[in-house]
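Position 1 is the first residue of the sequence; numbering continues from there.
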Amino acid sequence: MKIQTYQNHIRFYPPHHFVYYPILIAFLSASIYFACTTQDQLIWAFISVVFIFLFCLAFMLRQHYALTLQNRIVRLELRYRYFTLTGKRLEEFEYKLTDDQIFALRFAPDNELLPLVENTLKNSLTGSAIKKAIVHWRADYNRV
């Protein structure tokens with residue numbers, strides 16, 4: 001792996017950036033051109049709408065990447081907080097918690113986290129129930 005510098009720090013996903021988007025833009029441009037210049041305007045307008053939809057779908061996929069990464073970070077943050085508070089690893093029983101429960105526990109302040117984890121494991125609290133049980137909410141203003 002190369003040493004990261006200013007010149008090479010930008011990361012591209014070649015199939016997405018150099019294949020999918022250019023081809024989609026070319027097809028979209030062609031379909032708009034044909035919609036304006038041929039007799040089959042309705043069909044080409046429909047094809048243009050399909051390409052616009054595909055472009056929007058690809059753009060929304062980028063949001064999915066961000067949320068997936070963010071979920072991973074929330075999980076790591078909770079592991080770190082639990083280890084800091086107890087000296088024990090959350091991974092030992094993390095498999096018993098659902099994603100919904102883990103994501104809800106992040107809103108608990110340190111003094112409420114351990115009792116909530118124990119209560120969640122004993123009573124299988126839902127994410128919503130965990131959030132309602134939090135007395136002093138620890139806000140997450142950085143969620144994507």
Side-chain angles (χ1 to χ4, degrees), residues 1-36 41-144:
M1 189 172 222
K2 286 187 200 176
I3 295 174
Q4 193 177 73
T5 65
Y6 176 77
Q7 285 76 23
N8 69 6
H9 79 284
I10 295 175
R11 189 168 180 190
F12 293 102
Y13 182 56
H16 202 89
H17 290 101
F18 301 119
V19 177
Y20 184 76
Y21 277 136
I23 289 172
L24 191 59
I25 289 170
F27 284 153
L28 176 60
S29 300
S31 65
I32 291 172
Y33 172 78
F34 288 131
C36 295
Q41 290 177 337
L42 189 59
I43 280 238
W44 284 108
F46 175 75
I47 292 171
S48 297
V49 168
V50 168
F51 284 127
I52 290 170
F53 173 75
L54 290 175
F55 192 82
C56 291
L57 190 63
F59 191 75
M60 289 182 339
L61 183 61
R62 295 176 63 206
Q63 180 73 7
H64 172 72
Y65 292 157
L67 290 175
T68 301
L69 177 60
Q70 187 164 290
N71 290 344
R72 184 176 178 184
I73 291 169
V74 166
R75 185 180 303 280
L76 289 172
E77 177 190 359
L78 191 64
R79 288 176 182 170
Y80 174 74
R81 287 179 62 209
Y82 186 82
F83 182 77
T84 302
L85 294 170
T86 65
K88 299 176 185 173
R89 297 174 61 99
L90 181 69
E91 293 95 314
E92 293 173 7
F93 59 85
E94 183 180 357
Y95 67 92
K96 295 178 182 178
L97 298 169
T98 65
D99 288 345
D100 189 42
Q101 291 169 325
I102 289 172
F103 301 150
L105 286 167
R106 81 178 186 279
F107 294 112
D110 289 346
N111 62 335
E112 296 179 36
L113 181 62
L114 298 179
L116 272 173
V117 168
E118 290 174 19
N119 192 11
T120 300
L121 289 171
K122 285 181 190 172
N123 301 316
S124 298
L125 298 177
T126 65
S128 182
I130 293 169
K131 291 175 187 176
K132 290 176 184 175
I134 296 171
V135 177
H136 298 98
W137 193 265
R138 185 176 167 266
D140 180 3
Y141 296 109
N142 296 315
R143 184 89 175 147
V144 172

Practice prompt. For a side chain to side chain contact (heavy atoms under 4.5 Å, CB included) with L105, tell me which candidate from I134, L116, L125 qualifies.
Written response: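 Considering I134, L116, L125, a side chain to side chain contact (heavy atoms under 4.5 Å, CB included) with L105 is found only for L116.
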
Worksheet item: Heavy-atom count around L76 CG within 6.0 Å, excluding the residue itself: above 12?
Response: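 For L76, atom CG is crowded (more than 12 foreign heavy atoms under 6.0 Å).
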
Discussion item. Less than 4.5 Å apart, side chain to side chain, heavy atoms only: is that true for L90 and Y80?
Written reply: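 Not touching, per the 4.5 Å side-chain cut-off.
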
Item to complete: Classify the angle between the aromatic ring planes of F107 and W137 as parallel (below 30°), tilted (30 to 60°) or perpendicular (above 60°).
Response: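 Rings of F107 and W137: parallel, under 30°.
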
Worksheet item: Can you tell me how far CG of N71 sits from CD1 of I102, rounded to the nearest 0.5 angstrom?
Response: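 Reported value, rounded in 0.5 Å steps: 10.0 Å.
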
Item to complete: Could you please spell out the steps behind the side chain to side chain contact (heavy atoms under 4.5 Å, CB included) verdict for D100 and I130?
Response: CA-CA 10 Å; D100 189 42; I130 293 169; over 6 Å; no

Worksheet entry | F51: which of F27, Y33, F46 passes ring pair (Phe, Tyr, Trp, His ring centres under 6.0 Å) |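 The residue from F27, Y33, F46 that satisfies ring pair (Phe, Tyr, Trp, His ring centres under 6.0 Å) with F51 turns out to be F27.
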
Worksheet item: Does the E112 side chain pair with the main chain of P109, one donor and one acceptor, at a distance under 3.5 Å?
Response: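 Checked: no pair found.
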
Discussion item. Measuring only between side-chain heavy atoms, which start at C-beta, is F55 closer than 4.5 Å to I25?
Written reply: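 With C-beta onward as the side chain, the pair touches.
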
Item to complete: Spell out, as yes or no, whether a donor-acceptor pair under 3.5 Å connects the side chain of R138 to the backbone of R106.
Response: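 Yes; at least one donor-acceptor contact below 3.5 Å.
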
Discussion item. Is any side-chain heavy atom of R75 closer than 4.5 Å to one of D99?
Written reply: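 The answer is yes, as the side chains (C-beta and beyond) meet within the 4.5 Å cut-off.
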
Fill in: Interatomic distance, L113 atom CG to E118 atom CD [nearest 0.5 angstrom]
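With rounding to 0.5 Å, CG (L113) is 10.0 Å from CD (E118).
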
Discussion item. Take a 6.0 Å sphere around CG of L57 and say whether it holds more than 12 heavy atoms from other residues, nucleotides or ligands.
Written reply: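 It does: L57 CG has more than 12 such atoms within range.
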
Discussion item. Atom OH of residue position Y65 - does it have more than 12 heavy atoms of other residues, nucleotides or ligands inside 6.0 Å?
Written reply: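 Yes, because the 6.0 Å sphere around OH of Y65 holds more than 12 heavy atoms from other groups.
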
